[in-house]
Amino acid sequence: MPRYCAQPPQTQPVLRPDLSPNRSRAILLVRTKWINGTVLHYAFLDQGGDIGGPEQLDEVRHAFQAWKALGIGLEFQEVADPGDSEIRVLFRESEGSASYVGRDNLGIATTEPTMTFGWDLTSPYGKATALHEIGHAFGFAHEHQNPFAGIVWDEEKVYADLAGPPNNWPHEVTFNNILRKLSQNEVTGSTWDPDSIMEYSFGPGLIVRPEAYRGGIPETLGLSAADKERVLQWYPPIVAQPARLQPFQSAPVQLATGGQADFEIIPPETRRYQVGTFGNSDVVLALFEDTADGLRYVTADDDSGQDRNGRLDVKLVKDHRYVARARLYSNWGNGSIALMYW
C-alpha cells in the first residue's frame, strides 16, 4: 500500500437554515476557491528536511509550473519570508503529505506550515504527490470521495489496512480522507474521474462496487483531461484589461455562479474609500494593489449567506493602480448587482 495524503479537516461554513437550497449549494461549491487572478505566494520552511536536499524544493516549483502551464489565471511567486506567503511548505517524514484546501490556507498562522511533504518527491509517485497537494491548495478535494463515484467500500478492511504501515492512520483520519463522501453540493459536475491527480490508487480487495474496480484503482502520475478542464473552469486565463471604475459610478455585473468581475481603480485623491457591491448577491470581494512585484492582496470581504452587501473600507493612494475583484456565489432576489467605489 502506498503512503497517502492526509488532508486536514476542512472548515465548514455555518449557513442559516432559511437559505434556499440553491443559495446554500452555491456557497458550498465556491467557498474554497480563490479569487481568480490571485498571486499565491509560497515559502519553504526548510531546505528539504529529513527527506532530501534542495531537489525536493525544485519538485514543488516544477509542480506549480506544471499547473501554471495550463494557462490558468492564478499566479505563483516564491518568497523568502513565510510571513509574506499564503502557502508554507515543510518537508518532514513524520508529518506525512498534506495540504489545506483553497482559502482555508488563509486561516493558518504564518508561523505554521500549510503544505507538508513526508516522502521523496523526485520519484514518479513523489512528483504526482506534489501535483496532488497543490491541487488541494487550489480548492480541490479527494476524487474518490466524490459522491458520484458510487464507491462501496469494504470498510473494515479499509480501516485495518490504513491502520498498519506505512500510513498508520487512526480511525478518524481514514474516515475523513477515504470513506467520507462529499456532499453533492461541494463538487463540480456529476461524474467521477478515476484518472484524476486528486484520486488515490488502491490495491485489490478494498472496493466492493463498482465491480470494475474490485481489483483496485491504478496510480495516477499526472494531470488528467478532467483535471485540466476543471482547473481552467475555476481559474480561466485572464486576457482582458479590467474596465476602469470611476468614483461614485456604479458598474452593473452579470455573472453566473462561480463567475468573476474585475475592475481597475485609480483613485483621484489619497483618502479612505468604500468599495462595495449592491443588490441581492453573495460574493467574495477582494482588492489588490499593483506593485513592482505584481498585484498584492490588500483586503477582502465575504458576505455569503448574509443579507448584506460586501464592503471594503480602505485607504487608497492617489494615482496608484488597484484591482477590485468580485467572485459570485449566487444571485438571489431580482438577481441584479453592481459594484461601486466612493
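Everything numeric in this text was worked out from a predicted model, so none of it was measured.
Separating the CG atom in Leu287 from the CG atom in Leu316 is a distance of 6.0 Å, to the nearest 0.5 Å. Once rounded to the nearest 0.5 Å, the distance linking OG1 of Thr110 with CG of Asp81 reads 8.0 Å. Separating the NE2 atom in His144 from the OG atom in Ser201 is a distance of 10.0 Å, to the nearest 0.5 Å. Taking CE of Met340 as the reference point, atom OG of Ser250 lies at 6.5 Å (rounded to 0.5 Å).
The two atoms that bring Ile238 and Gly73 nearest to each other are CD1-O, 4.2 Å, heavy atoms only. Taking every heavy atom of both residues into account, Thr277 and Arg311 meet most closely at O-NH1, 2.6 Å. When all heavy atoms of Pro124 and Leu221 are compared, the closest pair comes out as O-CD2, 3.8 Å. Residues Ala141 and Leu182 share a closest heavy-atom pair of CB-CD1, 3.7 Å. Of all the heavy atoms in Val101 and Phe140, the pair that sits closest is CG1-N, 4.2 Å. Leu328 and Leu255 get closest at one heavy-atom pair: CD2-O, 3.4 Å.
Between the side chains of Asn146 and Glu143, at least one donor N or O lies within less than 3.5 Å of an accepting N or O. Side chains of Thr122 and Asp120: a donor on one and an acceptor on the other come within 3.5 Å. Side-chain contact annotation: Gln65 with His62, donor-acceptor N/O pair under 3.5 Å absent. A donor-acceptor contact closer than 3.5 angstrom links the side chains of Asp262 and Gln260.
Aromatic rings of Trp153 and Tyr200 (six-membered ring for Trp) have centroids beyond the 6.0 Å cut-off, not under it. In this structure, the ring of Tyr341 has its center no less than 6.0 angstrom from the ring center of Tyr322. Aromatic pair Tyr213/Trp192: centroids less than 6.0 angstrom apart.
Residues Leu339 and Leu285 have side chains in contact (heavy-atom distance under 4.5 Å, counting atoms from C-beta outward). Gln47 is not listed as a side-chain neighbour of Gln56, based on a closest heavy-atom distance of 4.5 Å or more.
A salt bridge does not link Arg180 to Glu172: none of the charged side-chain nitrogens sits closer than 4.0 Å to a carboxylate oxygen. Under the 4.0 Å criterion applied to side-chain N and carboxylate O atoms, Arg88 and Glu112 are not assigned as salt-bridge partners. Electrostatic pairing of Asp313 and Arg272 counts as a salt bridge here, judged by a charged N lying under 4.0 Å from a carboxylate O. Salt bridge status for Glu289 with Arg321: absent, with no side-chain N to carboxylate O gap under 4.0 Å. Between Asp282 and Arg16, none of the side-chain N atoms (NZ, or NE/NH1/NH2) sits under 4.0 Å from a carboxylate O, so this pair counts as no salt bridge. The pair Arg103-Asp302 meets the salt-bridge criterion, since a charged nitrogen lies less than 4.0 angstrom from a carboxylate oxygen.
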- prompt: What's the verdict on side chain to side chain contact (heavy atoms under 4.5 Å, CB included) for Ile27 and Ser24, showing C-alpha distance, side-chain angles and the deciding distance?
  reply: CA-CA 5 Å; Ile27 292 170; Ser24 296; 5.9 Å; no

- prompt: What do the steps show when you test Glu75 against Lys68 for salt bridge (Lys or Arg N to Asp or Glu O under 4.0 Å), and what is the final call?
  reply: CA-CA 7 Å; Glu75 299 287 344; Lys68 182 59 187 175; 3.1 Å; yes

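Heavy-atom contacts from other residues, nucleotides or ligands closer than 6.0 Å to CD of Glu264 number more than 12. Within 6.0 Å of CD on Gln241 lie more than 12 heavy atoms contributed by other residues, nucleotides or ligands.
Hydrophobic cluster membership is shared by Leu70 and Leu131, with clusters built from Ile, Leu, Val, Met, Phe, Trp and Tyr side chains linked at under 4.5 angstrom. Cluster membership check: Ile266 does not share its hydrophobic cluster with Val317, using side-chain heavy-atom separations under 4.5 Å among Ile, Leu, Val, Met, Phe, Trp and Tyr.
For the pairing with Asp301, the salt bridge (Lys or Arg N to Asp or Glu O under 4.0 Å) check across Arg325, Arg308, Arg327 returns one residue only, Arg308. For the ring pair (Phe, Tyr, Trp, His ring centres under 6.0 Å) with Phe138, the lone residue among Trp234, Phe76, Tyr100 that qualifies is Phe76. When each of Tyr273, Phe248, Phe278 is checked for a ring pair (Phe, Tyr, Trp, His ring centres under 6.0 Å) with Trp342, only Phe278 meets the rule.
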Please tabulate, for side-chain N and O atoms in residues 28-36, each donor-acceptor pair with protein atoms closer than 3.5 Å (sequence neighbours left out).
residue : atom : partner : partner atom : Å
Arg31   : NH1  : Thr11   : O            : 2.8
Arg31   : NH2  : Thr11   : O            : 3.3
Thr32   : OG1  : Gly139  : O            : 3.3
Lys33   : NZ   : Gly139  : O            : 3.3
Trp34   : NE1  : Ala137  : O            : 2.8
Asn36   : ND2  : Pro236  : O            : 2.9

